[in-house]
Structure formats: structure tokens, C-alpha cells
Amino acid sequence: MHEMSLCEGILQIIQTEAKAQQFNKVKRVVLDIGVLSGVEIPALEFSFEVVMRGSIAEQAELQINEIPAQAWCMQCADSVTVKQRYDACPECGSYQLQVSSGDEMKIKELEVD
Amino acid sequence: MCTVCGCGEGETRIGKAHAHDHDHPHDHEHTHGHDHSHDHPHDHSHDHAHDHSHTNDHHYGKGPAHAHAPGLSQTRMVEIEQNILGKNDEYANENRHFFTDNGILTLNLVSSPGSGKTTLLTRSLTDLKDELPLSVIEGDQETANDAERIRATGVTALQINTGKGCHLDAHMVGHALETLKPEKGGVLFIENVGNLVCPAAFDLGEAHKVAILSVTEGEDKPIKYPDMFHAADLMLLNKIDLLPYVQFDVDKCIEYARRVNPGIQVLQVSATTGEGMEDWYQWLRMTRQMRLIGRGDLAEKTESLSTASST
């Protein structure tokens, strides 16, 4: 979805941090992206390059940590790993799952000069 | 392809399935020199070079991972731990405070284009405008046509054109509130851009997202666009007057919706014939009353806000 807007959000955060933490070149950007966040990683990589052009993060390497999704299965009373929101519980096949993580979308850290 | 969000072609599952690139260079060098002479000094050299490098790089093996050992270069790591949509969430919180302070029930109406969102809205406004203070924020990529349709019902409406954007964000809504000045204790409908993908992630400060799906679309839309149906608290299944003419399995559709969101409530309506609309109005009245519990000062108030406190 909106990967371009996300990259603009990333750039905004980088610029704010650059002032606060006194750096003027970003070499690597590390993101945590949950598998349920709706972010298409190839599209994000594409937009990243375009949006960072001409900024302090131009040519920065983008490292994406994909965070797997966990859900609580009410039938099993246990935490299970899911790949999609409509997945059934891999243990018992029930759809009574409460997704508890996997929609993360955040900047974890930056490598800066 | 949408220039803002990149949603469009090429967003296939394939990309995702293979986004895990497992780079596994395995270098195993094995030299074995064996020198044997007859003079009986027995020289035995055994050279065993074992070079084993093992990189587990998730992303296309770009660059030397984690080359940031202290002292090796001037680079440093800066912990950020910030949500990419953090800025939007801040604006959304400001909006939410404004709505809470003024006892306004705000609903974010989301659907694909053509589900009958505006028709459903105009009918609801016509039926409820004498009973509740109502206002509308209309989001469309271009034109003010929808706001005009809304204003024809006598309800105040403000049009936001997103231009290239595929969704409304909290900042746009915050600005719209300054101009619109919704009434205290009333109901504010935000009709989002017709799009089942992007608006799911953007919190506008609303109390509930209401997803509208019509029976002329596929019954599997809830699992095709799971993020949106997961984010919605209520699904209005619209155009049920057309059920005899289309192939649409209502039970299947509801089952799919519950798969992505076990807590979703589903109401079947027809904005054209009015069937089921009373259920939706009842939901609106009850939800509004829930928000006004303990706010006796606002429950019966209908006067306009003199100044908007939100920015």
C-alpha cells in the first residue's frame, strides 16, 4: 500500500533525529516490518531509494527485519504463528484467533556518520 | 500505479514469499600437503585451512552486515524505535481528544469505489438530520461532487481532495475540523477515499471504522482485503435488494469477515429500498449514547461550536 508515504514518514523522522542527535549522513536504516503490516517490501525498497534521493540518507542501505505474526488461539489457549490475518490456527484449524503482533512498522535504528 | 502509495500492479504475493533471501556462501578450503622423502627425515606437513563463512542475510546480501564495530569507523548506531506512522498517530490523537471533549461520535466510512457509500450516507443524513446533529467530511481524489450531494440533504459537509493521495490522513482531518466546526454531541461521518487498502493503516482519530461492502462485489472481499475488515468494527452489507439478481453468498461473506475479525458486527442494508436501515440507525443512536454516558451537559446540546480547539 502507501509505501511512498511511509518512506516520506521515514525521511521526516530521520531529519528530526539528525537535528536532535547531530549527524549529517545516514549510511544504513534498519526497519522492523511486521508481516501483517500490509507493507510490500519490494515496493518499499523501490520508494525508499526514490524518496531518499538528495537527502542526508541518499544511498543509505535499507535493512528490513521482517517480524513474524503471533496470534492467540482461543481454542488451544496458546500463542501460534500465522502468516495472514485470515489464517486458521495451524494447530486446531479454528478461526478464533486474536492477532497479537505482526503489524509493526517502525524505524529500529540508524547507522550514521 | 498510484504515485503516492505504489499500490497497483506488481503487488503480488510472490514478492513476499521470496522476500526472505537466504544467502549462504559456504567456503571450504582444504589443502593437504604431504611430503615424503627417502632419507628418512620424515617430513609431514598437514595444512588444513578451513574457511567457513556463514552469512544469514535477509535482504539480498547488500553490503557487509553489521560492520559497525566501535573503533573501526566513525559511524555510530542511533536507536530510533519510532513508528513510521508516528506523526499521523500524533495528529490522530489530537483529533480524538477534540472528539472526546466535544462528545462527538466520529465514524470513518471505508469501502471500495462504487459500494454505495455516498448513497447510503445521504439516505442516513436525510432520515436522521432532524434527530441528531450531523456533519460530514468527504474525501475524494478529485471533485467536490460528493460534498454537493451531501449538502443537498441540508447537512454541513466539507470536501477534502487528496489529489494524488489514496487515503485521508489525520492531519487533513484536523484541518478540516477547523473549518467544519462539527456540533457538540453530534455525529461526524468521514467518508474516506474509495480504497480498501491504504485507509486501513491511517488512524484519523475516529471512534470506529465502518466498512461498506455491496453484494455486487465479491463475497470474498473480506479475505482479499483483510487489513481493512480487520480494522473495522462494523460492516454494512449494502444493496441487499439486488441479492436475487447476483451470485452472492451472504453467509459465506459474513464467515469470511469473521475470519479476519472475529468481533466484527454485520448489518444487512439497502440504501435504495431502506431495508435494514433502521438497524443501522439504531446502532448509530446506541453508539452515540454510549459515548455520551456521564456527559449530561452534551447529550441534548445541539448548538454550534463557536471556536474549534483543534489544530
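In what follows, every chain begins at residue 1, and chains take the letters A, B, ... in the order their sequences are listed.
In this structure, chain B has a heavy atom under 4.5 Å from the side chain of A:Ile33, while its backbone stays farther away. Within the 4.5 angstrom heavy-atom criterion, no atom of B:Tyr256 approaches chain A. Only the backbone of A:Leu97 comes within contact range of chain B, judged by heavy atoms closer than 4.5 Å.
Seen from the ring of A:Tyr86, B:Arg259 does not count as a face-on cation partner, given the 6.0 Å and 45° thresholds.
Side-chain contact between A:Met74 and B:Pro262 is absent, with no heavy-atom pair separated by less than 4.5 Å.
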From CA spacing to verdict: side chain to side chain contact (heavy atoms under 4.5 Å, CB included), B:Arg76, A:Val112: CA-CA 5 Å; B:Arg76 60 193 164 109; A:Val112 300; 3.5 Å; yes
Pair B:Leu85-A:Met105, side chain to side chain contact (heavy atoms under 4.5 Å, CB included): steps then yes or no: CA-CA 8 Å; B:Leu85 291 178; A:Met105 237 196 267; 4.1 Å; yes
Side chain to side chain contact (heavy atoms under 4.5 Å, CB included) evaluation trace for A:Arg85 with B:Asp227: CA-CA 8 Å; A:Arg85 286 206 192 276; B:Asp227 294 318; 3.2 Å; yes
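Annotation: the span from B:Cys166 atom SG to A:Met4 atom CE amounts to 11.0 Å, rounded to 0.5 Å. A distance of 12.0 Å separates CD1 in B:Ile80 from NZ in A:Lys106, rounded to the nearest 0.5 Å. Here the CD-CD1 distance, from B:Glu81 to A:Ile107, works out to 10.5 Å after rounding to the nearest 0.5 Å. Rounding to the nearest 0.5 Å places CD of B:Gln82 at 4.5 Å from CD1 of A:Ile13. In this structure, CD1 on B:Ile84 lies 4.0 Å from CD1 on A:Ile10, to the nearest 0.5 angstrom.
The number of heavy-atom neighbours closer than 6.0 Å to NZ of A:Lys25, taken from other residues, nucleotides and ligands shown, is above 12. Within 6.0 Å of atom CD in A:Gln98, 12 or fewer heavy atoms from other residues, nucleotides or ligands are found, so the atom counts as exposed in its surroundings. In this structure, B:Gln247 places its CD atom where only 12 or fewer heavy-atom neighbours from other residues, nucleotides or ligands lie under 6.0 Å away.
When each of B:His230, B:Arg258, B:Glu255 is checked for heavy-atom pairs under 4.5 Å with chain A, B:His230 comes out on top.
Considering A:Gln22, A:Glu111, A:Gln21, A:Glu109 in turn, A:Gln21 is the only one that fulfils the side-chain contact (heavy atoms from CB on, under 4.5 Å) rule with B:Val78.
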